[in-house]
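Take a look at the structure below.
Residue numbering restarts at 1 for every chain, and letters A, B, ... go by the order of the sequence lines.
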Number of protein chains: 2
Amino acid sequence: MKPMTIGRLSKAANVKITTIRYYESVGLMGTPDRSESGQRLYGSLDVERLSFIRHARELGFPMDDIRTLIELQTHPSSDCAVVNKIAQNQLGAVRKRLGQLAALERELERMVTSCEGGKVASCQVMASINDHTECSSKDHERIKPL
Amino acid sequence: MKPMTIGRLSKAANVKITTIRYYESVGLMGTPDRSESGQRLYGSLDVERLSFIRHARELGFPMDDIRTLIELQTHPSSDCAVVNKIAQNQLGAVRKRLGQLAALERELERMVTSCEGGKVASCQVMASINDHTECSSKDHERIKPL
DNA sequence: ATACAGTCTACAGCGACTGTAGAGGCAAGC
DNA sequence: GCTTGCCTCTACAGTCGCTGTAGACTGTAT
Ligand SMILES: [Zn+2]
Ligand SMILES: [Zn+2]
Ligand SMILES: [Zn+2]
Ligand SMILES: [Zn+2]
């Protein structure tokens, strides 16, 4: 039950120290106790919470959603419909992105295979970037990070 | 051969005015001529260049790469190997991302299908985010925008 | 003449961190 | 006790690729 410093927490949850402090600053992690000299002190609950955040981030959930999920965890008897909705939205976002990226893959594939070396002036890759009309997916959607 | 204002260029290339000025500020678009009153004036070459940038961005190329591509266009007799390398790197990045997202899709799918409603305390979605060990792709790679 | 649309600069903000500077803290070996 | 070397602290700037805003000026149509 000894409290751990931020460095130990960082290793325990595999999250960088600066990121932990950032999560604290934006309210994802609560404000921890401090030692006499002002160092942050954490317990095993903090490891769990931080690991939860990390996994949620790895799954691509935005921080606002993670805040909601953590808030819901403190009300365990409430309905999980909100949780499920958040996860389904995320799944939808992932699928949409998969579609976009698959289209990009096809187009880039076509480009690189049609380049047979030579001068820039006659390069098919350049031509393909220049000429959007050749493009299979006529209008790409704006690329946003997941 | 009449020069066009930034608004016309914006419509011609389907790029927002603020974005055009941003591209100018970071050196993707050159510094255009100005009217007596200081308004930017563009010609058809600018439409081509801006459209090129737009399509490259839609394909996910980072701005540094686009800078390189534009630079290469001004040396049409140089070897297109660099161009091809940039495109192949991009294709690799897209494929890597596709793999990551496919793993995310599977995991999210499993999560949402195993939730049967009820209280948050017994929600499988929550449990899955909490328990990373259940996870098929044991360690997800850090999610970075393409 | 008046209305309205377009353009100008300069700067702040987004998300989710990462990196830096410069200061102070802590444990182990000598 | 002292040095060595890592650990932690705060505060702030930078990343990428834009987007939005404020407040002033310009251009065009009726
Ligand atoms: Zn080529
Ligand atoms: Zn295309
Ligand atoms: Zn549930
Ligand atoms: Zn997982």
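Ion pairing between Asp64(B) and Arg67(B) holds under the 4.0 Å rule for side-chain N and carboxylate O. A salt bridge links Arg54(B) with Glu58(B): at least one charged nitrogen is closer than 4.0 Å to a carboxylate oxygen. Between Glu105(A) and Arg110(A), no side-chain nitrogen of the basic residue sits less than 4.0 Å from a carboxylate oxygen of the acidic one, so the salt-bridge criterion is not met.
Residue Arg40(A) places none of its side-chain N or O atoms closer than 4.0 Å to OP1 or OP2 of dT8(D).
Straight-line distance from the CG atom of Leu41(B) to the P atom of dG6(C): 17 Å, rounded to whole Å. Atom CD1 in Ile20(B) sits about 16 Å away from atom C1' in dT9(C), given to the nearest Å. Atoms CD (Glu36(B)) and C1' (dT26(D)) sit 13 Å apart, rounded to a whole Å. Between Ile17(A) atom CD1 and dC17(C) atom P the separation is 16 Å, expressed in whole Å.
At distances below 3.5 Å, at least one donor-acceptor pair connects side-chain atoms of Ser10(A) with backbone N or O atoms of Val15(A). With Arg57(B) contributing its side chain and Phe52(B) its backbone, the two residues share no donor-acceptor pair below 3.5 Å. Panel note: side chain Arg40(B), backbone Ser35(B); no donor-acceptor pair is recorded below 3.5 Å.
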- [ ] Before giving the answer on salt bridge (Lys or Arg N to Asp or Glu O under 4.0 Å), spell out for Glu141(A) and Arg97(A) the whole-Å C-alpha distance, their side-chain angles and the decisive distance to 0.1 Å.
- [x] CA-CA 10 Å; Glu141(A) 282 197 50; Arg97(A) 195 94 166 83; over 6 Å; no

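Among the protein residues, Arg21(A) comes within range of the nucleic acid bases, having at least one heavy atom under 4.0 Å from a base atom.
Within the 4.5 Å cutoff, the side chain of Gln39(A) has no heavy atoms near those of the Arg34(A) side chain. Within the 4.5 Å cutoff, no side-chain heavy atoms of Leu69(B) are placed close to those of Val82(B). Contact annotation: the side chain of Ser78(B) approaches that of Val120(A) to within less than 4.5 Å [non-hydrogen atoms, C-beta and beyond]. Using a 4.5 Å heavy-atom threshold, the side chains of Ile129(A) and Phe61(B) count as touching.
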Check nucleotides 21-25 of chain C against the protein and report each pair of N or O atoms closer than 3.5 Å, with its distance, or say if there are none.
from	atom 1	to	atom 2	distance (Å)
dG25(C)	O3'	Ser37(A)	OG	3.1

Interface polar pairs with nucleotides 16-19 of chain D, N/O, under 3.5 angstrom:
from	atom 1	to	atom 2	distance (Å)
dC18(D)	OP1	Arg142(A)	NH2	2.8
dC18(D)	OP2	Tyr23(B)	OH	3.0
dC18(D)	OP2	Arg57(B)	NE	2.6
dT19(D)	OP2	Thr19(B)	OG1	2.7

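Within a heavy-atom distance below 4.0 Å of DNA chain D, no residue of residues 3-11 of chain B is found.
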